[in-house]
Amino acid sequence: MKFPSEFEPYLLTIQHDSKKPLTKWSPQSGGDGGRNWLRRPDHFNIAVILAPYSPYFVLDIDGEKGYKNLQGLQIVYGKLPRTFVVKSPSGWHYYFQYHQGIKRSIGWLAPSIDIICHGYTLLPGSVIDGKKYEVLEDVQIVPAPAWLIKLASNTNKQIDMPAKNTIAVRCDDEDYEHKVWRARRYVEKMPPAVQGQGGHTQLLRVCYVLRKKFDLDIHDCRNILCEYNARCIPPWRLDVPRERYDFFRKLSEAEKWYE
């Protein structure tokens, strides 16, 4: 089975039809060179150790949902370079050279997209429940693009969004769930509405983003606005009918409002 020769020092033999190492293992102990797998490739699975204990990390795309969300990220930030890709039973593994600061994350970049490091992942030649890992792109592993490094290194911060006049157009290419996720992230970066400091105008600006730029339906707009309200100073009292009406009326005003 083909995989990059530079993986050899980081190979790890895995139990048959499993993701568990053949012997007791920790990242610090390194790999075994896949010795047992090389002798009996039909009887064992094989894995490669990932960063920071090797020079590689994996962008893990889970299913069609993850693939659509990856397309959305590429529309916003730019295409991924051609690199070594493995088709897993549930999706795709894009291998890239590790860059200092990249962190393991589950679903942070987008739903069904993970960053895999601080462990290992199965390679072609492995089989789980009768489903094979197969080489999809047999090319050299390349550095990750700058935008992926930035996002994968800042999983405790909000993702930078594209220029405001391009958001609506680009969102049209993404599935709705991902669009809601991106809208929530965008609003989390917006400053709170502060009483006496243009608070009503700031709330109107948030409503404008949700309705005009992300084109969300009223139900999702209201949910995100309630989350935003918790950061406002002071928050609107949504248990008071008059304040609640004034708060959500901004969604209708946003339809006619231009920045």
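Any value given below was found using the heavy atoms of this structure, including those in side chains, with hydrogens, waters and symmetry copies removed.
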Kindly give the heavy-atom pair with the smallest separation between [X] and [Y], and that separation in Å.
| X | Y | value |
| --- | --- | --- |
| Arg237 | Glu243 | N-OE1, 2.8 Å |
| Ser153 | Gln100 | OG-O, 4.5 Å |
| Ser112 | Lys65 | OG-CD, 3.5 Å |
| Leu123 | Ala47 | CD1-C, 3.8 Å |
| Pro81 | Pro145 | CD-CD, 3.6 Å |

Distance check, rounded to the nearest 0.5 Å: [X] atom [atom1] versus [Y] atom [atom2]?
| X | Y | atom1 | atom2 | answer |
| --- | --- | --- | --- | --- |
| Ile141 | Arg82 | CD1 | CZ | 13.5 Å |
| Ile14 | Trp25 | CD1 | CH2 | 8.0 Å |
| Tyr94 | Leu136 | OH | CG | 7.5 Å |

Side chain to side chain donor-acceptor pair (under 3.5 Å) contacts in which one or both residues fall within residues 54-64, not counting sequence neighbours: Asp60-His93
Ring geometry between Trp236 and Phe247 (parallel below 30°, tilted from 30 to 60°, perpendicular above 60°): tilted
Mutual orientation of the aromatic rings belonging to Phe57 and Tyr98 [parallel < 30°, tilted 30-60°, perpendicular > 60°]: perpendicular
Verdict with supporting geometry, Tyr186 and Arg182, side-chain contact (heavy atoms from CB on, under 4.5 Å): CA-CA 6 Å; Tyr186 187 85; Arg182 290 184 64 241; over 6 Å; no
Polar side-chain atom of Ser126 near backbone of Ile46 as donor-acceptor pair, under 3.5 Å: yes
Donor-acceptor contact below 3.5 Å, side chain Asn45 vs main chain Ser18: yes
Residues that, via side-chain heavy atoms closer than 4.5 angstrom, fall in one hydrophobic cluster with Val194: Ile233
Pair His200-Lys250, side-chain donor/acceptor within less than 3.5 Å: yes
Gln195 atom CD: more than 12 heavy-atom contacts under 6.0 Å: no
Validation row, ring centre Phe7 to ring centre Tyr95 under 6.0 Å: yes
4.5 Å side-chain heavy-atom contact, Tyr228 and Leu210: no
Carboxylate-amine/guanidinium contact Asp220 Arg222, below 4.0 Å: no
Trace of the salt bridge (charged side-chain N to carboxylate O under 4.0 Å, His left out) decision for Asp42 with Arg40: CA-CA 5 Å; Asp42 58 333; Arg40 294 286 305 278; 3.5 Å; yes
